[in-house]
Protein chains: 4
Amino acid sequence: MSARQEADRVEILSGVFEGKTLGSPIALLVRNEDARPQDYDPLRDVYRPSHGDFTQEAKYGVRNWRGGGRVSARETVGRVAAGAVARQVLAKVDIVAWVERVADIEATVNPDTVTRDAVDANIVRCPETATAERMIERIDGARKAGDSLGGVVAAVARGVPAGLGEPVFDKLEADLAKAMLSLPAAKGFEIGSGFAGTLLTGSQHNDPFYDAGGRVRTRSNRSGGVQGGISNGEDILVRVAFKPTATILREQQTVDEDGHDTTIKARGRHDPCVLPRAIPIVEAMLALVLADHFLRQRGQCG
Amino acid sequence: MSARQEADRVEILSGVFEGKTLGSPIALLVRNEDARPQDYDPLRDVYRPSHGDFTQEAKYGVRNWRGGGRVSARETVGRVAAGAVARQVLAKVDIVAWVERVADIEATVNPDTVTRDAVDANIVRCPETATAERMIERIDGARKAGDSLGGVVAAVARGVPAGLGEPVFDKLEADLAKAMLSLPAAKGFEIGSGFAGTLLTGSQHNDPFYDAGGRVRTRSNRSGGVQGGISNGEDILVRVAFKPTATILREQQTVDEDGHDTTIKARGRHDPCVLPRAIPIVEAMLALVLADHFLRQRGQCG
Amino acid sequence: MSARQEADRVEILSGVFEGKTLGSPIALLVRNEDARPQDYDPLRDVYRPSHGDFTQEAKYGVRNWRGGGRVSARETVGRVAAGAVARQVLAKVDIVAWVERVADIEATVNPDTVTRDAVDANIVRCPETATAERMIERIDGARKAGDSLGGVVAAVARGVPAGLGEPVFDKLEADLAKAMLSLPAAKGFEIGSGFAGTLLTGSQHNDPFYDAGGRVRTRSNRSGGVQGGISNGEDILVRVAFKPTATILREQQTVDEDGHDTTIKARGRHDPCVLPRAIPIVEAMLALVLADHFLRQRGQCG
Amino acid sequence: MSARQEADRVEILSGVFEGKTLGSPIALLVRNEDARPQDYDPLRDVYRPSHGDFTQEAKYGVRNWRGGGRVSARETVGRVAAGAVARQVLAKVDIVAWVERVADIEATVNPDTVTRDAVDANIVRCPETATAERMIERIDGARKAGDSLGGVVAAVARGVPAGLGEPVFDKLEADLAKAMLSLPAAKGFEIGSGFAGTLLTGSQHNDPFYDAGGRVRTRSNRSGGVQGGISNGEDILVRVAFKPTATILREQQTVDEDGHDTTIKARGRHDPCVLPRAIPIVEAMLALVLADHFLRQRGQCG
């Protein structure tokens, strides 16, 4: 989806010895190898609308205008690398994310059965082939128009044991919400039935318990695998809304560093739609939160 | 909206001396004074669907079945008390929350101008009078039917300075999302344009900057006052989805503590709709997150 | 040792149900019941030398001059109550602290065999009877002279499993040092051989390992049960230096709140020697640190 | 003092742009360039007495026997690098540490006047020339004997404002104690009068306040610049006890990984005395704790 090519070679700086983790912190280093800082020269003195340029300056009094520094979504490579370690901790948990919607093009995907292979079968990472093709076409249109698109990523974690989450402040859904809203361009979060669930009555919405051969399960999963802030053993289901990318190749109204009105027109290799790239990142954040709570639960409750 | 009457008298245990905070932790104690534990006797051995009963048991191997303990929304009184202190820190910030939607009955409220008085003018805490009446009527219907309703609370914080938020993990919207999803019955969170914003293109969605007489402002506020994880000086706008209350007065399928199929029918003074009661709680969480980040920002950037 | 009588009745506010902990936070309330605030009136406008009066004012711009607020050692009752809970977590660990030295009167106590009964056998909590009598006599002399004494508390934790501690920053001895130096009047901390061990050579100081019937043990314990920041299964041995109490009943040079030179002469029921009262507090802090690390270790390493 | 030569070149990975810090985390990388892993081959299967070999294995079930990994004092290079950044925050604070004692050879140094130049004037980093020469001679003797020595490092921070420290748990001396006891080979910590102060009476020990031309100061400084957990504006004075290095070139009793009795005789470039190398590390930890509390105080009290 993007013209940027990053090898993303990971160098392990610490914490691993003879093929095993040591228990001490694991430091992983991924260098930017395909940076083109000159692409950012026009951004030196002006703020990209709805980007982090202005707020970095407002907060720190200084900013890295050349590529955005911490504001660049390139920082998420560290999350993905850490997520790979978290997945080792969660050996029995199966995590899959997918592009559920791009603009108004929406796929209907069964979270019980969706697979990584189906997600990775196309470039837009939507496991519904026909819908994926429409998404790709729409994204190509946006690229040609110098514009950008948003959408929704959905994710499921299957095999999560009951008991994860630390009410009242560190409820599992609270930490998941924080993790997802810490992602660049994220504007919304849902667990289970989310906003749509608010249209139901309690008798429609509640998930009835039943005896599933000696294990307590629920017949529906509008809870999204979490009740009272603690996992109930059903699939964890979350959705994340990503706004259209802020950096577009069209002229926009803005101000310069002196606060004077001006216009900006970005250039460079900016994604017209971050959704496909967000898949591994959402999976990583899901894995990290679950791994944290798995360790906390083992600590507290043995 | 509820038959439960709590005086909610606060006893200050520490941290205040001769009418001033001391800088040391402030401990506030509010005792439950209208508890009717006998109402909970039928819940001793069975799990309420979509409630925290089962998960508390799954996590800790023990639970307070008499009133729910930490699972009870009564715990939020502590949040409201703490929020009142946080507002002292945020002297120049004006925070207002309101019920935006109950089931499918939705109000259109202007966040720039909504006032506390307008919100408090009716029992459902929706500042649009006609809509409020329809909401009240719908809630009364649900109560009579032994059922419950969900909806959406919106909130605005006006006068927040630019610069609050600590990327990458403690972005302002990330901490707001966590705070809101830590609330009982919360299933979704949005900042600014939220899920709806994903239907726009970047050129439609971006908030153009302009010179507002020497101060950089944005013409629209789809960002919800946050860009790149840091406040930009515009109004902070958030929405929280609350599911219909889990405890309903209808018979439901469930299991008992031995894992056997059974039914449950709650009694007691359970709210058919928590939305109106959620208003001060959402405001408190908003105030607490902003106060935390205000202090962090002062610490880091002076 | 003190004329102050506190019943120290503990009210459990939360976290316990039907005689069991619930997994949620346990709040314990102990009210001051024998306060005599009028004793503090002379302290309203002047700073007690080497007390926290001045620094509280310097930090917060306000202070509780009536009893000292957080500066009062009365705050340690919360530590003792929490320590009692921590000991439940550490069922197999045996913790004993004792007064090792008051001024220059020192006891020689074997940490392998010292018992709680021996410590509690006298009012000064030194398990060596003859030495205890000399300590009591010296403290009585200090009281009559309106003066105060310091000394050293030693503590042992027996039965601590190997593996507790989180290098590099949260080494076990680091957290123990922090816990002990957070106590009022603490000025020094040692683990194992401490300062005296610096007089030895490595060949004298090292603890040789040997095979103790299938378990690795050390022949000596100059390490104090911790090597490389992690417990090694031997007894944890710590010492804490407590300065002589700052509040004395003699006239002292000081300044008033306006910064003018003046004198102060305290009255009231101030301990001439805090050492005996420090015993349960040191034990509590030892238990809390060990319990924390026990849970962390179970979390990380299962 | 050591035959090991490390260039200690620092690569700045993040957080600095065009010569200025960005406000975002600063990542610094120093690679080990003079490692001789083959020196550690004899340590593969046996535990060095009083070293972290055994406890790492006991905790994690695995260890980096080749150089010790996190157990190596080489990890402190990160502390020194971070301390250099902390000193930028503490522009008005002057921090100097020095070797006060090696074994029983002790210098009497005035903390009010000791300078960095005086400390760096000799290889053992003791500012008293004649004493330094005796220390060097003693260390050379220990090296020839394949043995090691311990001692005491003292440090002063001058110009620290009153008000730093967060009672009750994060008292300034508590965080300093933790920081120092997190250092390899540290076995003791003192602030101000420390253990020696316990021999005085309160009337001897208290630091009288006086009006120093409009500023409240103390005539003595047995408090070590901290009263009630908060800095009082006087010099911060700390001492750290370092045991003799565990790794010595003499044969010692130990066990192997199977728990069988054996002997060990290390080889390689191990310091016979870590004290001189500890100077920049102690200074760095002092700077880091003070910088943390400076930022916290600015956050809380503005």
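As the structure is a computational prediction, the values presented were derived from the model and not from experiment. Quick note on labels: first sequence line is chain A, next is B, and so on, each numbered from 1.
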Taking side chain as everything from C-beta outward and backbone as N, CA, C, O, which of these in [X] sits under 4.5 Å from a heavy atom of chain A? Side chain, backbone, both or neither.
X	result
B/A142	neither
B/V226	backbone
B/T245	backbone
B/S220	neither
B/K59	both
B/Q300	side chain
B/R101	side chain
B/Y210	both
B/I191	both
B/E75	side chain
B/R79	side chain
B/L172	neither
B/D261	both

Who among [options] has the most heavy-atom pairs with chain B under 4.5 Å?
options	result
A/G233, A/S50, A/A241	A/S50
A/L183, A/T201, A/N232, A/T76	A/T201
A/G163, A/G150, A/P244	A/P244
A/P208, A/G192, A/G228, A/G224	A/P208
A/I105, A/L149, A/V168	A/V168
A/C301, A/A212, A/G302, A/A58	A/C301

Part of [X] within contact of chain B (heavy atom distance under 4.5 Å):
X	answer
A/E173	both
A/F169	both
A/M180	neither

Trace of the side chain to side chain contact (heavy atoms under 4.5 Å, CB included) decision for A/H51 with A/T247 = CA-CA 7 Å; A/H51 205 272; A/T247 306; 3.3 Å; yes
Backbone N/O of [Y] and side chain of [X]: donor-acceptor pair under 3.5 Å:
X	Y	value
A/E190	A/V240	no
A/T254	A/Y47	yes
A/S231	A/L164	yes
B/D175	B/A179	no
B/K171	B/G165	no
A/D256	A/D45	no
B/D140	B/K144	no
A/R143	A/C273	no
B/D211	A/H260	no
A/S148	A/I248	no

Kindly indicate, with the supporting measurements, whether the criterion side chain to side chain donor-acceptor pair (under 3.5 Å) is fulfilled by A/S203 and B/D147.
-> CA-CA 6 Å; A/S203 61; B/D147 213 336; 2.6 Å; yes
Specify which of [options] makes the most heavy-atom pairs with chain A at under 4.5 Å.
options	value
B/G146, B/G214, B/G52, B/G202	B/G202
B/V152, B/D170, B/V255	B/V255
B/R222, B/E166, B/Q204	B/E166
B/S193, B/A145, B/G151, B/P161	B/G151
B/G197, B/G229, B/S182	B/S182
B/N206, B/L176, B/D104	B/N206

Apply side chain to side chain contact (heavy atoms under 4.5 Å, CB included) to the pair B/V46 and B/E257, showing each step before the final yes or no.
-> CA-CA 6 Å; B/V46 293; B/E257 286 198 348; over 6 Å; no
With the threshold set at 4.0 Å, does a side-chain nitrogen-carboxylate oxygen contact exist between B/R239 and B/E100?
-> yes
For salt bridge (Lys or Arg N to Asp or Glu O under 4.0 Å), just list the numbers for A/R219 and A/D207, CA-CA rounded to whole Å, side-chain angles, deciding distance to a tenth of an Å, and then say yes or no.
-> CA-CA 6 Å; A/R219 293 213 179 270; A/D207 297 317; over 6 Å; no
Report the C-alpha distance between B/E251 and B/K265 in whole Å, list the side-chain angles of each, state the deciding distance to 0.1 Å, and finish with yes or no for salt bridge (Lys or Arg N to Asp or Glu O under 4.0 Å).
-> CA-CA 4 Å; B/E251 190 171 85; B/K265 191 175 170 183; over 6 Å; no
